[in-house]
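Below, chains carry the letters A, B, ... as their sequence lines are ordered, and counting in each starts from 1.
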Amino acid sequence: MNYLELSPNTTHEPCKHIKIIEQPRQRGFRFRYGCEGPTHGGVQGASSEKNKKTFPAVEICNYTGPARVVVQCVTVDDPPLLHVHSLVGKQCENGMCVVGVSGPDMTVSFPNLGILHVPRRSVVDILEERLVQGWRREHCKELQHRDPTDRERDRLHRAAQQCARALDLTVVRLMFTVYLPDNNGNFVQALQPAVSSPIYDSKAPNASSLKIVRMDRTSGSAAGGEEVFLLCDKVQKDDIQVRFYQENDDGTCWEAFGKFGPTDVHRQYAIVFKTPRYFDPYITQPTSVFVHLRRRSDGETSEAKPFIYFPQKTGKERSHRKRKNPDTAEHDRSRVSNGHLQGYYCSIPDFTYTPAVTGD
DNA sequence: CGGGAATGTAT
DNA sequence: CATACATTCCC
């Protein structure tokens, strides 16, 4: 094998290029409609934290001096296409953000990139306008006709409709292009652009961040089958699951899913499900696991909440309880697990139900 | 800024 | 009518 062919260019001057040193955050940012005004802040960086905010940033490598960086919204398609959404905020104009640098620091941070959400109804018009512009550029030298004929116009219109169908309004990427000055000082020399990872609109139903707000119980029997009311941020009833899991020391992981159907998801904000059985229903000690929400389609998860599995009721306890009034069974059970009343059952083994004693 | 809520539209 | 998504409004 010829190793030289695998590592070309090593003796040449390092190539000038633009590198993304801080990716945009992929989730949690909301695209804004024009009617909402431009003052809602920009996309943060992937490693941003509440007290240490970061923003998308690039570095121009192997070059020091004047340059201009242009940022635009593009699609997630393989050759990226210009998106109908545009950038708004400081230094943004015509839907793009333009920043000049002069060195010696050749890094640029973009703290104010807002993403303008174009209404669906405007998409075709925008795309068609772009196609017409492109058509004009192609035909600008032919003096015969400066405008497309009706038939050509119709063709462009259909093409625009076609593109509109394929265009996902819920996700964009940032494309950074650096322009270096030519001999006359005009910034016309573009280097190969860098394209960021995707940014998903937090308002999109299928991309909103998942969150468990509260549960009516955070523990249950190892036998499972117990009903839990869980309140959550907006979910889609056919694309959501409640996942119980436990990561073991050896790297293996137990998982099981809360049982519910689409109609158990109430108005997108609550889920009523039955707990799954723990893999070992015969545990003798309380066992901690986690619960979180998971979206089937993209595997996204919420933060986890702790959940404790308790040992199943023994056969003895079950038959014992069987003789008791079912209405008071739950009360009795909570007393058992309640510190100072721990010995309640044990000290009165042959206790039988009497309203005068157990009534609260 | 960053959110929730209200309103409009499509199934 | 009910539900969910899209858009707008507003604290």
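- Taking a 6.0 Å sphere around CZ of A:Arg214, one finds it holds 12 or fewer heavy atoms contributed by other residues, nucleotides or ligands.
- For A:Glu255, the CD atom is densely surrounded, since the number of other residues' heavy atoms within 6.0 Å is greater than 12.
- Spacing between atom NZ of A:Lys237 and atom P of C:dC5 amounts to 8 Å, rounded to whole angstrom units.
- Computed from coordinates, the A:His266 NE2 to C:dT3 P distance equals 8 Å when rounded to whole Å.
- A close approach under 4.0 Å does occur between a side-chain nitrogen or oxygen of A:Gln268 and OP1 or OP2 of C:dC5.
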Output one line per pair: protein atom, nucleotide atom from nucleotides 8-11 of chain B, and distance, for all N/O pairs under 3.5 Å.
none

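- At C:dT3, one or more side-chain N or O atoms of A:Arg267 fall inside 4.0 Å of OP1 or OP2 (strictly under the cut-off).
- At B:dG2, one or more side-chain N or O atoms of A:Gln44 fall inside 4.0 Å of OP1 or OP2 (strictly under the cut-off).
- Comparing A:Gly42 and A:Asp233 by the nucleotide of DNA chain B that holds the closest heavy atom to each, the one mapping nearer the 5' end is A:Gly42.
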Query raised in the report: Do A:His17 and A:Gln192 pass the side-chain contact (heavy atoms from CB on, under 4.5 Å) test, and can you show the C-alpha distance, the side-chain angles, and the key distance before you say yes or no?
Result: CA-CA 7 Å; A:His17 65 282; A:Gln192 183 71 34; over 6 Å; no

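- With A:Tyr179 as the aromatic partner, A:Arg68 does not meet the cation-pi criteria of under 6.0 angstrom to the ring centre and within 45 degrees of the ring axis.
- Under a 4.5 Å side-chain heavy-atom criterion applied to ILVMFWY residues, the cluster that includes A:Val291 comprises A:Leu210, A:Ile212, A:Met215, A:Val228, A:Leu230, A:Val235, A:Ile240, A:Val242, A:Phe244, A:Trp254, A:Phe260, A:Val265, A:Ile271, A:Phe273, A:Tyr278, A:Phe279, A:Ile283, A:Val289, A:Leu293, A:Phe307, A:Tyr309 as well.
- The local environment of CG in A:Asp250 is crowded, with over 12 non-hydrogen atoms from other residues, nucleotides or ligands closer than 6.0 Å.
- Atom-to-atom, NZ of A:Lys50 to C1' of B:dG2 comes out at 17 Å; the value is rounded to the nearest Å.
- A cation-pi arrangement is present between A:Arg243 and A:Tyr245, with the terminal nitrogen or guanidinium carbon under 6.0 Å from the aromatic centre and inside a 45° cone about the axis.
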**Report entry** Sequence-aligned protein contact record of nucleotides 6-11 of chain C, with B where the base is within under 4.0 Å of a protein heavy atom and S where only the sugar-phosphate is
**Finding:** SBBB--

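- A:Asn206 has no side-chain polar atom (N or O) that falls below the 4.0 Å cut-off from OP1 or OP2 of C:dC5.
- Atom CD of A:Glu49 sits in a sparse spot, with 12 or fewer heavy atoms from other residues, nucleotides or ligands closer than 6.0 Å.
- The pair A:Glu227-A:Arg217 does not meet the salt-bridge criterion, since no charged nitrogen lies less than 4.0 angstrom from a carboxylate oxygen.
- A:Phe29 has its CZ atom 11 Å from the C1' atom of B:dC1, to the nearest Å.
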